[in-house]
There are 2 protein chains.
Amino acid sequence: MENKHAVRSLAALAQESRLAIFRLLVTAGPAGLAVGKIGEQLGVAPATLSFHLKELSHAGLVDARQDGRFVFYSANYAAMNALLGFLTENCCAGESCALPASTTSCC
Amino acid sequence: MENKHAVRSLAALAQESRLAIFRLLVTAGPAGLAVGKIGEQLGVAPATLSFHLKELSHAGLVDARQDGRFVFYSANYAAMNALLGFLTENCCAGESCALPASTTSCC
DNA sequence: TCCATATTTCTATATTTATCGAAATATAGA
DNA sequence: TCTATATTTCGATAAATATAGAAATATGGA
């Protein structure tokens with residue numbers, strides 16, 4: 001992962017509504033949730049929610065899947081793990097770390 | 001960790017210079033680096049660097065330690081790990097994850 | 001086709017953020 | 001104390017971002 005991409009991902013998460021959306025999707029699992037369901041659970045207006053989902057989507061942190069009239073968004077676990085790995089990369093110059101960065105993964 | 005604190009931490013990292021500073025400090029280890037050294041390595045003007053270090057510091061991601069005329073900044077590994085853990089918390093509702101969130105730690 | 005529902009795009013406004021020159025502050029050593 | 005070096009604060013400007021009402025688009029079913 002390069003610096004600019006990581007900045008984009010972090011910026012996508014650095015906003016209350018978007019962080020809540022992302023964490024909701026992380027919890028929801030691979031099946032994801034429809035936009036309406038997300039808005040309902042978090043109390044975000046449709047236009048605002050769409051704006052935020054686009055930010056997360058462009059950053060590659062979530063995936064969208066159309067199903068009839070609904071659009072299901074789900075967390076992109078690979079992207080999340082890549083980001084976490086980037087942050088801890090070469091930690092302490094590789095010495096004396098309890099755990100290597102490669103263990104920072106999930107799902 | 002609560003949502004607002006996580007947003008502040010993520011916002012602190014969501015900027016090219018600050019992300020570079022943080023990653024440099026993560027690599028540098030607990031001893032940290034003096035402000036001048038950081039500016040030298042990253043090519044950031046003193047006033048701008050001070051501004052960014054304050055942001056990282058207020059977010060709790062780095063610690064400052066005065067040593068003579070120098071101020072040494074170092075990564076706060078505990079804060080970093082808390083943030084990573086927050087992002088992966090309750091991943092997939094706790095089911096079918098390859099690794100639990102608690103393994104996302106370093107140093 | 002027509003209607004209802006789901007989601008996105010458009011448009012405008014208010015707020016926040018990044019940058020850096022210049023000045024101020026702090027510390028060490030002569 | 002005086003001077004040089006390290007870092008921070010001040011002040012002003014330019015750019016990016018969040019919000020939401022209204023309108024537009026897309027899909028499924030009557």
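Every chain is numbered from 1, with letters handed out A, B, ... down the list of sequences.
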Inset, instruction - Describe the nucleic acid contact of Ala11(A) in one word from base, sugar-phosphate, nothing, applying a heavy-atom distance below 4.0 Å. - result: nothing

Inset, instruction - Could you check whether Tyr73(B) gets within reach of a base, just the sugar-phosphate, or nothing at all, counting any heavy atom under 4.0 Å? - result: sugar-phosphate

In whole Å, what is the span from the [atom1] atom of [X] to the [atom2] atom of [N]?
{"X": "Ile21(A)", "N": "dT7(C)", "atom1": "CD1", "atom2": "P", "answer": "13 Å"}
{"X": "Phe51(B)", "N": "dG11(D)", "atom1": "CZ", "atom2": "P", "answer": "16 Å"}
{"X": "Leu49(B)", "N": "dG21(C)", "atom1": "CG", "atom2": "P", "answer": "14 Å"}
{"X": "Leu53(B)", "N": "dC20(C)", "atom1": "CG", "atom2": "P", "answer": "14 Å"}
{"X": "Leu56(A)", "N": "dT17(D)", "atom1": "CG", "atom2": "P", "answer": "14 Å"}
{"X": "Arg65(A)", "N": "dA6(C)", "atom1": "CZ", "atom2": "C1'", "answer": "15 Å"}
{"X": "Ile38(B)", "N": "dT7(D)", "atom1": "CD1", "atom2": "P", "answer": "9 Å"}
{"X": "Glu55(A)", "N": "dT8(C)", "atom1": "CD", "atom2": "C1'", "answer": "14 Å"}

Legend entry - Passing option when Leu33(B) is tested against Val71(B), Leu24(B), Thr27(B) for side chain to side chain contact (heavy atoms under 4.5 Å, CB included): Leu24(B)

Inset, instruction - Counting Watson-Crick and G-U wobble pairs only, both distances under 3.5 Å, name the nucleotide matched with dA20(D), or none. - result: dT11(C)

Legend entry - Watson-Crick or G-U counterpart of dT16(C), or none if no pair lies under 3.5 Å: dA15(D)

Inset, instruction - Indicate the atoms forming the closest heavy-atom contact of Ala64(A) with Tyr73(A), along with that distance. - result: CB-CE2, 3.6 Å

Legend entry - Residue whose closest nucleotide on DNA chain D lies nearer the 5' end, Gln15(A) versus Arg69(A): Gln15(A)

Inset, instruction - May I ask you to establish whether Arg23(A) and Phe86(B) are in a cation-pi arrangement, using a distance under 6.0 Å from NZ or CZ to the six-membered ring centre and at most 45° from the ring axis? - result: yes

Legend entry - Distance test, side-chain N/O of Lys54(B) to OP1/OP2 of dT7(D), below 4.0 Å: no

Legend entry - N or O in side chain of His52(A) less than 4.0 angstrom from dT19(D) OP1/OP2: yes

Legend entry - ILVMFWY cluster, Val26(B) and Leu87(B) together (side-chain gap under 4.5 Å): yes

Identify which nucleotide among [options] has an atom closest to any side-chain atom of [X], counting heavy atoms from C-beta outward.
{"X": "Ala45(A)", "options": "dA6(C), dT7(D), dA20(D)", "result": "dA20(D)"}
{"X": "Thr48(A)", "options": "dT7(C), dA20(D), dT9(D)", "result": "dA20(D)"}
{"X": "Phe70(A)", "options": "dA18(D), dC20(C), dT7(C)", "result": "dT7(C)"}
{"X": "Ala47(A)", "options": "dT7(C), dA18(D), dA22(D)", "result": "dA22(D)"}
{"X": "Val35(A)", "options": "dT19(C), dT7(C), dA20(D)", "result": "dT7(C)"}

Inset, instruction - Would you confirm whether Arg18(A), through its side chain, and Leu49(A), through its main-chain N or O, come within 3.5 Å as a donor-acceptor pair? - result: no

